[in-house]
Amino acid sequence: MCGIVGAYLSGEPCLAALVEGLRTLEYRGYDSVGVGVVLDGRLVVRRKAGRIEELERELSDGALAAATIGIGHSRWATHGAVTDANAHPHLDWKGRVALVHNGILENYLELRAELERRGIPLRSQTDTECLAHWIGIELEGTDGDLAEAVRRALRRVHGYYAIAALAGGARPQLVVSREGPPLCVGHSAAGAWLASDPLALVPHTREVVFLEDGDVAELAPGKLVVTRRDGTPLARRPVHVDWKAEAADRGGFEHFMLKEIHEQPDVVARALFGRVEADDVRFEGELFGDAALRGVERVVISACGTALHAGLVARYLIEGLARVPVDVDFASEFRYRQPVLSPGTLALGISQSGETADTLAALRLARSLGCRQAALCNAVGSTMVRESEAAILLQAGPEIGVASTKAFLAMLVASVLFAVRLGRARGTLALAEARTLLGELGRMRMNLERLLAREVVEGIRALAERHKDQRGFLFLGRGINYPIALEGALKLKEISYLHAEGYPAGEMKHGPIAMIDRQMTTFVIAARDSVASKVRSNIEQIRARGGPVVCVGDDEESLAVADERIVVPGLSPWLSPIANVVPLQLFAYHVALARGCDIDKPRNLAKSVTVE
Ligand code: F6R
């Protein structure tokens with residue numbers, strides 16, 4: 001949800017670093033892009049509605065090439081349409097401050113009215129421009145000290161923000177702050193950098209400082225001064241970030257999404273690495289030890305979107321293997337519905353980014369009600385990981401494709417590991433069963449490689465070609481594979497814009513069956529489990545009404561009665577979601593490709609939803 005970057009280099013031009021950083025963060029928003037730099041002491045802004053290529057055309061005259069200090073922004077519109085005027089950076093009315101912003105200023109109408117009363121001309125419909133003017137106003141009373149002006153201006157603001165402010169003059173200043181959305185910085189003698197995501201910093205430094213809510217920091221080469229909004233100095237330690245810079249390129253694949261789908265065998269291996277013993281699982285932290293887990297009376301999972309689907313799978317695993325009751329909730333609902341929580345409740349947040357506003361709020365609510373909390377999260381230094389008592393890191397590596405694939409798979413693997421740990425700690429999972437499950441998980445990498453073999457992928461591509469013009473799609477699953485039906489439908493909707501619905505197979509007769517005809521393809525996920533024969537009957541019922549059925553799974557009899565099939569290697573039903581989701585990801589990808597959709601930048605979506 002908007003990406004911000006900045007660079008202050010000692011002597012080197014900064015434009016390449018800004019554009020490269022924006023390209024890395026483009027997944028966060030891609031409505032408009034812009035940069036602001038200091039050139040001969042003056043602020044110069046170039047910004048455009050559209051993709052980064054538009055900005056590069058704007059910059060091709062070389063006029064900004066000598067600048068060594070600048071900020072940049074990639075926008076996902078919240079206030080104001082997608083126009084050049086609403087693109088960031090925004091300047092204050094005297095052109096002394098340039099500002100980029102990710103978030104929402106909730107009292108911006110009030111700020112706007114006050115600016116209008118003071119006769120300050122407003123040139124855009126954005127909340128950000130209002131803050132740029134307020135910083136400009138405060139600059140007049142602080143003798144040109146940008147950090148103090150930012151602190152004072154922010155005391156007037158309510159809302160969520162990560163900002164970078166740049167002032168020109170003989171001594172340029174670069175100041176950042178956050179309240180809500182993520183922001184990290186790094187510095188060395190060669191320069192100082194800032195970004196919404198550490199991925200944009202790793203080409204420059206691996207020692208990354210993750211700013212906390214309320215921090216205001218001034219940056220320059222070799223310098224980082226952090227204070228609270230009231231000016232109290234603070235010490236912030238850097239964290240070493242291990243991610244490889246190459247993780248942010250497509251590595252020969254046509255899209256990030258396809259690359260990330262193909263990374264999944266490695267993702268499983270990484271999620272297991274160092275955690276699996278012969279018949280148990282080891283996680284860092286007292287919360288995952290026997291004593292603490294024996295005290296867990298109930299688990300409450302909060303998440304959004306794809307992560308919520310992982311939470312639904314986790315419910316089956318935790319209840320089935322550890323016999324602990326589990327509730328799973330949309331974080332956006334949980335946070336507003338006055339949940340009843342007792343101290344024996346473990347609140348579990350699941351998130352790829354660790355920055356999703358609703359999921360963070362849900363965990364904070366659980367904490368305020370006395371629950372212990374843990375995170376299943378991919379982003380190492382994210383707010384969720386820092387705020388939670390304990391975290392299981394997914395270790396999937398950076399996920400750039402807007403439609404989540406490999407992070408979901410890692411969430412499923414982590415959920416199995418957590419359920420096994422809980423089951424072993426509580427004595428509900430027999431040693432032999434734990435050993436069998438973990439052994440099979442160890443072979444999962446090989447099974448996924450088989451699913452991603454060229455001939456299988458080619459078969460799915462051809463299937464997508466045959467079904468790409470259907471009126472709609474129904475995805476059915478039952479038991480632990482019901483959430484996989486939801487995920488298959490979500491993937492298809494997100495990137496192909498076709499209507500798709502995920503449903504529990506047993507519910508089909510209570511409504512969705514009315515939609516069945518030749519133009520409605522139904523995917524049925526059929527694992528060899530206790531409900532296999534019932535799912536098989538669903539296939540017969542759909543076919544009897546003329547609806548084409550594609551069966552995905554390892555239940556041979558279901559596969560045999562469907563019109564078309566994708567055979568998945570035979571697995572324990574507990575692990576079947578991990579494999580069953582892969583063909584559905586590939587199907588969504590190939591339908592979107594065949595329909596000419598922009599797969600890595602689907603319309604209206606942003607990867608990280610840091611506002612409500
Ligand atoms: C779907 C997708 C979204 C995210 C959701 C939560 O492909 O990516 O539905 O799953 O926005 O994001 P995280 O996991 O970052 O909390």
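Read the numbers this way: they start at 1 and go in the same order the structure lists the ligands and their atoms. Remember, predicted model here, so these are calculated numbers, not experimental data.
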Aromatic plane relationship, Phe523 with Phe473 - under 30° parallel, 30 to 60° tilted, over 60° perpendicular: tilted
Ring geometry between Trp193 and His204 (parallel below 30°, tilted from 30 to 60°, perpendicular above 60°):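 Ring orientation of His204 relative to Trp193: parallel.
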For [atom], what's the nearest protein heavy atom and its distance?
{"atom": "atom 11 (O) of ligand 1", "result": "Val609 CG2, 4.1 Å"}
{"atom": "atom 15 (O) of ligand 1", "result": "Ser353 OG, 2.6 Å"}
{"atom": "atom 14 (O) of ligand 1", "result": "Gln352 N, 2.6 Å"}
{"atom": "atom 12 (O) of ligand 1", "result": "Thr356 OG1, 3.5 Å"}
{"atom": "atom 2 (C) of ligand 1", "result": "Glu494 OE2, 3.7 Å"}

Glu387 (side chain) donor-acceptor with Met384 (main chain) under 3.5 angstrom: no
Closest to atom 5 (C) of ligand 1 among Ser302, Ser351, Ala403, Cys304 (heavy-atom distance):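 The residue whose heavy atom sits nearest atom 5 (C) of ligand 1 is Cys304.
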Val402 contact mode with ligand 1 (heavy-atom cut-off under 4.0 Å):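 Only the backbone of Val402 comes within reach of ligand 1.
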Ligand 1 contact on Thr306 by region, counting heavy-atom pairs under 4.0 Å: both
Spacing of CG belonging to Asp600 relative to CD belonging to Glu26, to within rounding of 0.5 Å: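 Here the interatomic distance stands at 10.0 Å.
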Atom pair CE (Met508) and CE (Met515), whose distance is rounded to the nearest 0.5 Å: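 The distance works out to 10.5 Å.
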Pairs meeting criterion salt bridge (charged side-chain N to carboxylate O under 4.0 Å, His left out) with involvement of residues 388-405, two or more places apart: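 Listed once each, the pairs are Arg372-Glu389, Glu399-Lys607.
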Close approach of Glu355 to ligand 1, heavy atoms, under 4.0 angstrom: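 The answer is no: ligand 1 sits nowhere under 4.0 Å from a heavy atom of Glu355.
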4.0 Å heavy-atom contact, Thr405 with ligand 1: no
Per-atom contacts, ligand 1 versus Ala307 - under 4.0 Å to a heavy atom: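 With Ala307 as reference, the close atoms of ligand 1 come out as 10 (O), 14 (O).
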Which of the ligand 1 atoms, numbered from 1, are nearer than 4.0 Å to a heavy atom of Lys491: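 Result: 1 (C), 7 (O).
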Pairs meeting criterion side-chain hydrogen bond (donor to acceptor under 3.5 Å, both in side chains) with involvement of residues 309-320, two or more places apart: His309-Glu487
The single option from Val552, Ile566, Thr405 passing side-chain contact (heavy atoms from CB on, under 4.5 Å) against Leu584: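 Answer to the side-chain contact (heavy atoms from CB on, under 4.5 Å) test with Leu584 among Val552, Ile566, Thr405: Val552.
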